[in-house]
Amino acid sequence: MSKTAVSTWAAPRLPEESVMKYEAVIGMEVHVEINSKSKVFCACPTDFHAPPNTNVCPICLGMPGALPVLNRDMVDKSVAVGLALNCKISRWSKMDRKNYFYPDLAKNYQISQYDLPLCHGGSIEIEVDGETRRIGITRAHMEEDTARNTHTLGGGQSGIDFNRSGVPLLEIVTEPDIRSAAEAYAYLTALKQILQYLDVSDCNMEEGSLRAEANISIRPEGRAEFGVKTEVKNVASFSGVQKAIDYEIARQEKVLREGGVIVQETRGWDADRGITVSQRLKESAHDYRYFPEPDLPPIVVDESWENRIREGLPELPAPRKKRLESQYGLSAYDAHVITLSKPVADYYEAVVAAGADPKKASNWLMVELQALLSAAKLEIQACKIGPEALAALLKLIDTGLISGKIAKEVLVEMFDSGLPPDTIVRDKGLSQISDTGAIEAAVKQVIDASPEQVAQFKAGKDKVFGYFVGQVMKATRGKGNPQLINDILRRELEG
Amino acid sequence: MSKISEKDVSYVAALAQLRLDDAAQERLVREMGDILAYMDKLNSLNTDGVEPMMHALEMTNVLRDDKTGAPLSHEDALMNAPVDNGDYFIVPKILEGEEGG
Amino acid sequence: MTMDWYWKSASEISAAVRSGVVSASDITEAQLRRIDEVDGRIDAYTQRWDDTARAMAAKVDKKASRGEALGPLAGVPVGLKELLCTRVGKTTCASKMLEHFRSPYDATVVKRLEAADAVFLGKVNMDEFAMGSSTENSAIKVTRNPWNLKCVPGGSSGGSAAAVSAGECAISLGSDTGGSIRQPACLCGCVGIKPTYGRVSRYGLVAFASSLDQIGPLTRTVEDAALTLNVICGRDEMDATSADLPVPDFTGALTGDVRGLRIGLPKEYFTEALSEPMRERIEQAVDAYRANGAEIVEVSLPCSEYAIAVYYIICTAEASANLARFDGVRYGFRHPEAKTMQDMYVMSKSAAFGPEVRRRIMLGTYVLSSGYYDAYYLKAQKVRALIKKDFDAAFEKCDVIAGPTSPTASFEFGAKSDNPLEMYLSDIYTISVNLATLPGISIPCGLTDAGLPVGMQLMARPFEEELLLKTAHFYEQNRGFDMGRPPIA
């Protein structure tokens, strides 16, 4: 429901040499399925991986005589999202009927919110190319999802599965504050991050639990009036959104430069061809005849309800990132990567709480452990290495029981077996040799066996030092304390 | 002159997914015109500052707990379907560009 | 076992069944024979559930034989209006659109009646989708007034009223959006009550106008109405608009007299629009109250003249949305020649909805459409608030409001069906009650010279059904004459 004015402003014909610069004006509409156990107006389970038309009842099938009753969890989670997006929560709001005909709409009206949305007037910060921008959130309102159409039946028929009908849906609309496709991508990423932190949605675009549409118009730089906007739908991924927006901006620019006029319309993204395609609808298709839903009493969220939700909010990504920087001395980049996902950030802080050094913990988590997780396609919640175990491993390095190199091997073992680090080190005899005498003996043995390399080193070929380190490591079967080896070798070779 | 034009009646019929033959359209222009003209008497009543009665009772916050209940059996769900294939409700193919929400 | 169990009241029947004087099965057989005898002439029943009735009666009798406690409606024969969802039989709303529709669930009120050990005789006729005041709009058939078979039984619960007044059931559940229980009760000489909006769950009532619809009983006595309310009232978690209020024992409220009771007569109701025979008999009824110590007070409901406009804007708007779901996708009529999606909607609806239904859908769609919402729908909701205020003010001066239910007694078939606006105007006395969410009851108060019943309407403040029933009951017990039985001719 953005306030973009409708105009049919067209570019004037310009002399060929002048180059008008256009600025894109973009607003995003995102639909998020809320992960309540039951649907928004009935008690059917929301699991829509069930066989078709098995999670349905008279209410979500739109049968005669059925009536909706609003799910409290939907209200709680919608308020939480609103608060996380700095919105004002309407003290008094209502549901409305949005009337149109479509086979996936069980009642041929959707229960939604029209003029009194639950949340309004918020904002979210995004970062693109190091610059932070604030994007206004116009509103977030509650509604119900529609059924799913299957077009693959052939024979000029479509099949409809009502398992998804009535799943709780939150629609989040931004102000037309976004200025590029990259910003739109950043917005979606930041929004998804917040939603995952709140644990209110799976936010999975492939599965359809998060859907995004873009309202795009362009105008000459410096102008205040809005150009004519088009609505782009049918994008299946965040990168798809970015490509679609880039395409549409370019398309609109081309039209205007050629003296044409932008038509206000809906356009579908065709990912295969990389273009947007017009979907002209009938004029009457947009006459939704909204009126207040008589079957549902209004919703009054008083201060105490709002405060209860506010107090239950987890620390959000942006403040958490800043706190990790200041509390643990992490770089902005490191804090950013760690806080991308709440489970990862929780894990990290648990590792530090178990006694690990914050910077080392950050490094091991983001590099070593993340590599193992990515290769195994696992989320951190499924990792067999608990945060205390990782902290214990880092402690073993600190005390010198094992080298960093050996620790990487131990980590792999821990990942596969779930065994604690000290058990693995003991069972495999991996503790490193920090006995000075043993190292001195190995060093002496290597130096004696390598007169050629000694000569090279003394002649100034510093690189050859690595050869000696390698040899000593070999002699100690990789368990030599690297620092000691280094010190003793230097002493022997340079002395 | 009826209060409502033929064009209006056509527009409303399209919105309501009804097809009217010429005779029915003519009759409706007349009947709806009469009825709507009658309804105009509301204009003579001053309602400035009156809150509309949007809901019949003064209740608020009638909410259900987030608990799942038994859905209909698959057979009952499809029991009245004019056309189905055992899994889905079947309709004539939905073309892209026809209205979705 | 005598043949006229079918004239007995529900109270008498259930008392007899519970005390073992008669079995539910015997009652049911007597009822079925009565229906066999007269329904050919009246055509109140659209579905006969003879086997179901016998099975339900047998179940009640089995309970009795095991010494289990029986419910308050034990063995009582009930007819259900065609728009109450039942798993047994079909739920057609008297429309081609739902001609073969079988509901996969029972309405809450149906479950409550069954739990009270009532016996269902079948479904009774109505105006299609509850839109009409004569039952002439039924797509199934016409129902005749048992007092004069050439005349209409009223509507939309015409089948209910005809069946009850002809002894074809003891109780019928109807629905009332703008008078559809009270007006047919008036025209057929029986009792009909529309409870306060929110008293009775609407879950399973096929919706016409969501903010106006209520389910209620039609019966031969006020006591039976109270007995039925005891069973069907009460909060239902499946209906977010059902009030969370305790349900008193309405039958316990029927004692006492009317001394000091303030009965208001709205001056706007006693105009030339009210036919002479109706006026006479209602004034006689009021006299009866006065003679028994009630205080008769003149009150004013200044917004009365706007009520019909308000009603027809709001009910058609809500109906246009409520009936949108009937599209042949998941159930209901799908036109066999429909080839495209667009066809499916347009051809199915245009063929399966009757003219009155189509007219109201068109009106409702229009008053909600872009550019007209403020002028019509929003305006109507504001005036509705003023109408409610009128009643609040009137109820400062009186406790119960009395007046006519219908401007005229019953009329011949076809007399009013040409002019829809004229038909709408006859709802003048009943619709304000729905708009203001009040409880209202129609009770018989005499016959015209032509032998057609006249009814009086009483209204009370929201949720004051006890006072309403007590006042109605008092008149019924003290009116000094018997209504007699319809000739079925």
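Keep in mind it's a predicted model, so treat the numbers as computed, not measured. In the text below, chain A, chain B and the rest are named by the order of the sequence lines, each starting its count at 1.
In this structure, the side chain of C:Y105 does not engage the main chain of A:C57 through any donor-acceptor pair within 3.5 Å. In this structure, the side chain of C:R330 engages the main chain of A:L61 through a donor-acceptor pair within 3.5 Å.
Residues satisfying the side chain to side chain donor-acceptor pair (under 3.5 Å) criterion with C:E99, sequence neighbours excluded, are absent altogether. With sequence neighbours left out, the ring pair (Phe, Tyr, Trp, His ring centres under 6.0 Å) criterion links A:Y109 to no other residue.
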| A:M63 and C:F101: CA distance, side-chain angles, deciding distance, side chain to side chain contact (heavy atoms under 4.5 Å, CB included) verdict | CA-CA 10 Å; A:M63 303 218 94; C:F101 178 70; 3.8 Å; yes
| said: Would C:K349 and A:F101 count as a side chain to side chain contact (heavy atoms under 4.5 Å, CB included) here? Give the steps. | reply: CA-CA 12 Å; C:K349 283 173 182 286; A:F101 286 88; 3.5 Å; yes
| task | May I have the step-by-step check of side chain to side chain contact (heavy atoms under 4.5 Å, CB included) for C:E237 and A:V69, ending in yes or no? | result | CA-CA 8 Å; C:E237 60 178 16; A:V69 184; over 6 Å; no
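Contact annotation for C:Y372: neither backbone nor side-chain heavy atoms come within less than 4.5 Å of a heavy atom of chain A. With a 4.5 Å cut-off on non-hydrogen atoms, C:Y373 touches chain A through its side chain but not through its backbone. Heavy atoms closer than 4.5 Å to chain A are found nowhere in C:S201, neither backbone nor side chain. In this structure, chain A has no heavy atom under 4.5 Å from any part of C:A209. For A:I160, the part lying under 4.5 angstrom from a heavy atom of chain C is the side chain only.
Taking each heavy atom of A:R97 and C:S210 in turn, the nearest pair found is NH2-OG, 3.3 Å. Taking each heavy atom of A:I59 and C:M238 in turn, the nearest pair found is CD1-CE, 4.0 Å.
A distance below 6.0 Å separates the ring centres of A:F291 and C:Y377.
Residues A:P64 and C:Y331 have side chains in contact (heavy-atom distance under 4.5 Å, counting atoms from C-beta outward).
Among the candidates A:G65, A:A43, A:P294, the residue making the largest number of heavy-atom pairs closer than 4.5 Å to chain C is A:G65. When the candidates C:A240, C:C85, C:S211 are compared by the number of heavy-atom contacts under 4.5 Å with chain A, C:A240 comes out ahead.
Within residues 295-305 of chain A, the residues having any heavy atom less than 4.5 Å from a heavy atom of chain C are, in residue-number order, A:D295, A:L296, A:P297. Near-neighbour residues of residues 319-328 of chain C relative to chain A, defined by a heavy atom under 4.5 Å from a heavy atom of that chain, comprise C:A321, C:N322, C:A324, C:R325, C:F326, C:D327.
C:R102 CZ: 12 or fewer foreign heavy atoms inside a 6.0 Å radius.
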